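A short worksheet on the structure shown next.
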There are 2 protein chains.
Amino acid sequence: MDSDGAVFTKIVLAIFKVSGALNLEGDRMSEEFGLSSARWKIMGAIEKSDVLLTVPEIGRAMGQSRQASQRIVDVMAKDGLVKFIDNPNHKRAKHIALTVEGKRIYDLLDHRQALWATEVATKLTRDELDITYNTIQKMVKYFDK
Amino acid sequence: MDSDGAVFTKIVLAIFKVSGALNLEGDRMSEEFGLSSARWKIMGAIEKSDVLLTVPEIGRAMGQSRQASQRIVDVMAKDGLVKFIDNPNHKRAKHIALTVEGKRIYDLLDHRQALWATEVATKLTRDELDITYNTIQKMVKYFDK
DNA sequence: TCTAGATTGACAATATATTGTCATATCATA
DNA sequence: TATGATATGACAATATATTGTCAATCTAGA
């Protein structure tokens with residue numbers, strides 16, 4: 001039987017693998033709208049937030065560098081998917097919001113993604129879903145320092 | 001309460017986040033040996049296999065493209081960490097093995113990683129470890145098509 | 001045996017991401 | 001209020017990764 005540490009190591013390696021696979025899934029699902037996993041995730045961060053976010057805040061919400069988020073936001077702004085909104089609290093750091101067209105595409109994708117998630121989730125039990133989410137969240141918080 | 005699909009979606013987003021964090025951890029742990037997460041993972045694929053692997057086989061074991069593996073293997077060969085061994089079954093596709101120096105570094109890192117994994121695993125129960133690994137493995141297999 | 005299909009190495013183009021730097025803007029506190 | 005610390009946008013360098021292509025190699029089936 002594997003030690004606790006050995007199982008954890010196997011989890012880490014499996015996470016690397018599935019992360020790549022999920023990125024490909026997201027690329028394929030969003031491709032027809034001219035999107036990609038990376039751009040879709042940015043839109044998700046914007047839409048799932050209760051308040052308007054700046055570029056660095058989007059990066060922090062996603063657990064990636066502000067520069068990575070900035071690059072993608074700039075491309076999406078050029079493509080008319082997001083727009084910059086003046087931030088009364090900061091002269092430089094504008095708020096980012098979806099454009100009407102961006103929101104339209106996001107809603108379409110979000111609907112498809114929900115169906116996809118429901119389908120995949122049928123392969124797992126409620127306990128597996130809850131415990132796995134809880135465990136990965138613990139990992140996120142543990143390394144978020 | 002979230003639907004099964006909604007929980008699955010949260011798992012996916014958490015996986016993206018923790019994957020980035022784990023890559024940074026691996027980069028930091030291996031940095032002093034001139035390595036990175038990407039190179040370390042290649043070494044792991046080589047060492048964890050029972051048989052000698054070719055570059056495309058390393059890629060498939062890691063769930064990434066053969067080109068990505070090829071690039072890193074070539075760099076590591078130049079750095080003296082891995083070497084190419086003639087493959088009697090294929091004129092072009094050579095087998096990849098760690099050099100003595102590569103093995104020395106890998107063993108050092110592997111030991112440190114085991115300690116690290118044991119430490120992090122103390123934050124989780126045995127059930128959490130087992131169920132999470134099992135669930136992510138199911139996801140890996142589901143998307144491995 | 002022969003041949004069509006798959007695999008491989010090499011090369012290129014492109015997307016995604018971290019890290020580092022600098023000037024500017026904001027914030028906290030003495 | 002003044003100032004040192006922190007955050008931000010812009011820019012650059014570099015690492016990591018997918019995708020596509022082509023010729024060489026291998027494999028399986030007729």
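Just so it is clear, the structure is predicted and the values come from calculations on it, not from any experiment. The figures here come from the full heavy-atom set of this structure, side chains too, leaving out hydrogens, waters and symmetry mates. All chains are named by letter (A, B, ...) in the order of the sequence lines, taking the proteins before the strands, and each is independently numbered beginning at 1.
- Of all non-hydrogen atoms in B:L109 and B:M29, the two that sit nearest each other are CD2-O, 3.4 Å.
- Residue B:R71 places none of its side-chain N or O atoms closer than 4.0 Å to OP1 or OP2 of D:dA15.
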*asked:* Using a 4.0 Å heavy-atom cut-off to protein, can you give one letter per nucleotide of nucleotides 5-13 of chain D, 5' to 3': B if the base is in contact, S if only the sugar-phosphate is, - if neither?
replied: ---BBBB--
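- We find that CG of A:N23 is positioned 12 Å from C1' of D:dT16, with the value rounded to whole Å.
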Side-chain donor-acceptor pairs under 3.5 Å in residues 6-14 of chain B, sequence neighbours left out?
| from | atom 1 | to | atom 2 | distance (Å) |
| --- | --- | --- | --- | --- |
| B:T9 | OG1 | A:Q113 | OE1 | 3.4 |
| B:T9 | OG1 | A:Q113 | NE2 | 3.0 |
| B:T9 | OG1 | B:G5 | O | 3.1 |
| B:K10 | NZ | B:D2 | OD2 | 2.8 |

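- The distance between atom CD of A:Q64 and atom P of C:dA17, rounded to the nearest whole Å, is 5 Å.
- The NZ-P distance, from A:K91 to C:dT26, rounds to 6 Å in whole Å.
- Of all heavy-atom pairs between A:F16 and B:S19, the closest is CE2-O, 3.7 Å.
- Contacts of residues 75-87 of chain A with DNA chain C (heavy atom under 4.0 Å): none.
- By the salt bridge (charged side-chain N to carboxylate O under 4.0 Å, His left out) test, B:R126 is found to be paired with A:D4, B:D130, residues two or more places apart in sequence or in another chain being considered.
- Clustering ILVMFWY residues whenever any of their side-chain heavy atoms sit less than 4.5 angstrom apart, transitively, puts B:I105 in a cluster other than the one holding B:V75.
- The two atoms that bring A:M62 and A:S69 nearest to each other are SD-OG, 4.5 Å, heavy atoms only.
- By the salt bridge (charged side-chain N to carboxylate O under 4.0 Å, His left out) test, A:E101 is found to be paired with A:R104, residues two or more places apart in sequence or in another chain being considered.
- Residues that satisfy the side-chain contact (heavy atoms from CB on, under 4.5 Å) test with A:A93, not counting sequence neighbours, are A:T54, A:H90.
- Each end of the helix from C:dT1-D:dA30 to C:dA30-D:dT1 gets its own axis, taken as the rotation carrying the C1' atoms of four end pairs onto the next four within a five-pair window, and the two axes meet at 40° to the nearest 10 degrees.
- Listed by chain and number, the residues in a side-chain contact (heavy atoms from CB on, under 4.5 Å) with A:N134 are A:K138, B:E128 (sequence neighbours excluded).
- Atom pair B:F16:CZ and C:dT16:P shows a separation of 12 Å (rounding to whole Å applied).
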For residues 38-53 of chain B, which side-chain donor-acceptor pairs fall under 3.5 Å, sequence neighbours excluded?
| from | atom 1 | to | atom 2 | distance (Å) |
| --- | --- | --- | --- | --- |
| B:K41 | NZ | B:N23 | OD1 | 3.1 |
| B:S49 | OG | B:V51 | N | 3.1 |
| B:S49 | OG | B:V51 | O | 2.7 |

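- By the side-chain contact (heavy atoms from CB on, under 4.5 Å) test, B:E119 pairs with A:Y142, B:T122, B:K123, sequence neighbours left out.
- Summarising the geometry, the separation between CG on A:D27 and C1' on C:dT16 is reported as 10 Å, rounded to the nearest angstrom.
- Evaluation of the side-chain contact (heavy atoms from CB on, under 4.5 Å) rule for B:R71 yields no partner, not counting sequence neighbours.
- Counting to the nearest Å, the P atom of D:dA15 and the CG atom of B:L24 are 16 Å from each other.
- At a non-hydrogen distance threshold of 4.0 Å, nothing from residues 29-50 of chain A comes into contact with DNA chain D.
- Salt-bridge formation is not detected for the pair A:R28/A:E31: no Lys NZ or Arg NE/NH1/NH2 atom is positioned less than 4.0 Å from an Asp or Glu carboxylate oxygen.
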